[in-house]
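First comes the structure, then the notes that go with it.
Naming: A, B, ... by sequence-line order, numbering from 1 per chain.
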Amino acid sequence: METGSPEETGVAGDEPVWRGLPPGLLRMRRLLLVTWTGVLALAAGLLPGLLVGPAWAAFALLPLALAAWGWRLLGRNWRSWRYAERADDLLISRGVLWREETVVPYGRMQLVEVTSGPVERYFGLASVQLHTAAAATDATIPGLDPAEAERLRDRLTELGEARSAGL
Amino acid sequence: MTIPDLDDVPARPPVAERRLHPVTPFRRAWAPVTVLAGWAVHDPNGAHEQLQRLTSTMLLVGLAVLVPAAGLYGFLSWWFTHFAVTDTELRIRTGLLFRRTAHIRLERIQAVDVTRPLLARVAGVAKLRIDVVGTDKKDELAFLGEREARALRAELLARAAGFAPETAQEVGEAPAHELLHVPPRELALSLVLTGATWGSLTAALVVPPVLWLATQSVWTVLATGLPLLGAAGASSAGRFVAEYDWTVGESPDGLRIDHGLLDRAHETVPPGRVQTVRIVEPLLWRRRGWVRVELDVAGSDNSVLVPVAPRAVAESVIARVLPGVTVPAALSRPPRRARWCVPVWWRGHGLAVTDTVFAARHGLLRRRLALVPHAKVQSVRLTQGPWERLWRLADVHVDTGADKTVTARLRDAEEAERLLRAQAERSRTGRREARPDRWMA
């Protein structure tokens, strides 16, 4: 059983087991992107096309190019998100251009939050957020499977209680 | 309407509730008057029109209503405010229509402040405030008798320290000895040598005449000149008055800070509550070897530990505030290629990690060295932007409980990666040697 005893720390600390995000988040973000840029492309193509001339409908290519670029961007961003539960702390790494890596020791956690908006719920996603006494701590894992989110929440709360350290 | 005597407060339930000092209604009675005054200032034309419509009899009738109403409000708000000290918490019950009860857990005390504004000193009363993370301005006890405030502070600290409830009242005030006293001459000279003082003074002297020449409008000049003058006064005379007679003492209850010429303020910070200490070294002070020391305590307003002192003295005070900490003398600079990210100023950045603290410096002219004990680190972050990645550099942020972040900028990327892991490990293990929340237990 993984309880994070000091002997374990050395092994688990050296080799964090990284986990990526489930593909649901990427699907949701891409779908949203396609929907919105699709509406935009329709508007950009139809309005000048009908009012000025058919050649002006080429404006629709602009949002489409944007969608193609965003499609790649979302993919890269989604791949960059990963987290690892070590024996004594949680690691979150993310970002492609602006990379950020956060380490939060379990003992410093004040509360763990699981949130899921209406769109996220439709896609079967939930995000887990950790709060410490420092407001600057930015430890959110978005787009998790609800079961995984709950497992993570329970495990974090359990570990946080065991190592509670306050301010 | 009697004030319960201090001596007949038993610690056993039912908990005896006390009221604030009977001077308090006079302070609260000002509230309706200030609301009126605020309205008059906010809308001067409207206020003037309304005043002209009033006859003298109406004015008298208005006063006859207003004064008793204000008095009644003051009296009622005093009458319905109670506080009690139990074994584990300070309870403040207040509110006439909307009841509000604040339960302040004693082991969570971050600091205890006793302030005596000038008028309160004349009346012989004091405000007592307990800093806990999340307390409001409302949660202060204003006003208490001066002796009562001292006794209550001693009792709260004794209970928070973990003395048995029966003995907490008899423990009395812990003996204190003085660590540092700032002489008025040194303080005045340090303010003269501060750039901000001169900056605000020059602004106050230059801007109004220029505006007068440009616009010829008295109102514009007044509207900009008065705030500027106020700022200049606050940054020179105001700071002198506030930081006059600055005394730092040490007692088993923790750090004691006393200061003020007109308004006296006192703060007690129990052991192990200091989250960050910063040593600030303005350019003009460097020749004299003076520094200013700031500290962060979660939930506390005061951020100054020593307004001015020679470096060696300041470091000895820091050694008492953060036990076992020595201020690192040599800091490692970022690699030379950092000059492509932050030209010139890259030289001001520095980092040192000792067994006890994470120390990061920044600033070239006005140097600031921030020290965070490993045990106080809440989370560690590494960030890297695209330009920094090109030069293989990264920043390491250390977040503390006082909502302050200390950043070591422009480190070599691999070093930063190692630092991130090592700092997380240190902050976790640093906690083991930390003293308990109840420091006497």
Side-chain angles (χ1 to χ4, degrees), chain A residues 4-16 18 73 76-77 80 82-112 129-140 156 159-160 162-167, chain B residues 105 107-110 131-134 272-276 296-299 372 374-390 394-407 413 416-417 419-432 434 436-437:
Chain A
S5 56
E7 303 87 72
E8 249 180 358
T9 319
V11 186
D14 290 334
E15 288 287 324
W18 291 102
L73 222 65
R76 276 175 43 161
N77 182 273
S80 76
R82 51 188 195 154
Y83 65 96
E85 298 160 65
R86 291 200 301 181
D88 294 285
D89 42 32
L90 182 78
L91 266 63
I92 301 172
S93 171
R94 63 138 194 269
V96 182
L97 278 183
W98 277 271
R99 221 164 64 76
E100 181 161 351
E101 197 171 334
T102 309
V103 185
V104 186
Y106 297 133
R108 299 297 200 277
M109 274 179 341
Q110 300 283 328
L111 79 120
V112 187
Q129 189 173 8
L130 262 72
H131 295 272
T132 68
T137 304
D138 177 23
T140 313
L156 291 178
L159 288 170
R163 292 169 181 68
S164 174
L167 280 179
Chain B
R105 294 262 304 270
E107 82 250 31
R108 295 286 189 225
I109 286 185
Q110 299 292 324
D131 295 323
V132 183
V133 176
R273 261 64 170 180
V274 177
Q275 307 272 339
T276 325
D296 291 322
V297 175
V372 187
H374 294 317
K376 296 298 176 194
V377 174
Q378 297 284 334
S379 62
V380 194
R381 287 176 297 138
L382 178 146
T383 56
Q384 189 181 41
W387 188 248
E388 277 179 321
R389 174 139 26 148
L390 191 66
D395 303 339
V396 177
H397 307 264
V398 164
D399 303 316
T400 70
D403 269 354
K404 289 276 157 54
T405 299
V406 173
T407 306
E417 193 77 31
L419 196 63
L420 177 77
R421 302 296 156 91
Q423 189 58 42
E425 184 71 18
R426 271 192 296 266
S427 66
R428 190 171 57 72
T429 50
R431 194 71 202 185
R432 290 199 190 126
D437 272 354

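Interatomic distance, CZ of B/R381 versus CD1 of A/I92, reported as 11.5 Å (0.5 Å rounding). Note that CZ of B/R428 is 3.5 Å distant from CG of A/D88, once rounded to the nearest 0.5 Å.
Here the shortest heavy-atom pairing between B/H374 and A/R108 reads O-NH2, 4.0 Å. Pairing each heavy atom of B/Q378 with each of A/P105, the nearest pair is O-CD, 3.5 Å. Nearest heavy atoms, A/P16 versus B/R421: CG-NH1, 4.3 Å. Nearest heavy atom pair, residue B/A424 against residue A/V103, reads CB-CG1, 3.3 Å. The shortest non-hydrogen separation linking A/V104 to B/S379 is CG2-CB, 4.0 Å. Closest approach of B/G385 and A/W98 over heavy atoms only: CA-CD1, 3.6 Å.
Residue contact with chain A, scored on non-hydrogen atoms closer than 4.5 Å, is absent for B/V396. Contacts of B/E388 with chain A are absent, with no heavy-atom separation under 4.5 Å from either backbone or side chain. Proximity to chain B is limited to the side chain of A/L91, based on heavy atoms less than 4.5 angstrom apart. Looking at B/T400, the atoms closer than 4.5 Å to chain A (heavy atoms on both sides) all sit in the backbone: N, CA, C or O.
Remark: B/E425 does not engage A/R86 in a salt bridge, criterion side-chain N to carboxylate O under 4.0 Å.
Qualifying side chain to side chain donor-acceptor pair (under 3.5 Å) partners for B/D296, counting only residues two or more places apart in sequence or in other chains: B/R278, B/K404. The salt bridge (charged side-chain N to carboxylate O under 4.0 Å, His left out) check on B/R389 picks up nothing, with sequence neighbours excluded.
Between B/H397 and A/E100, the closest side-chain pair of non-hydrogen atoms is not below 4.5 Å.
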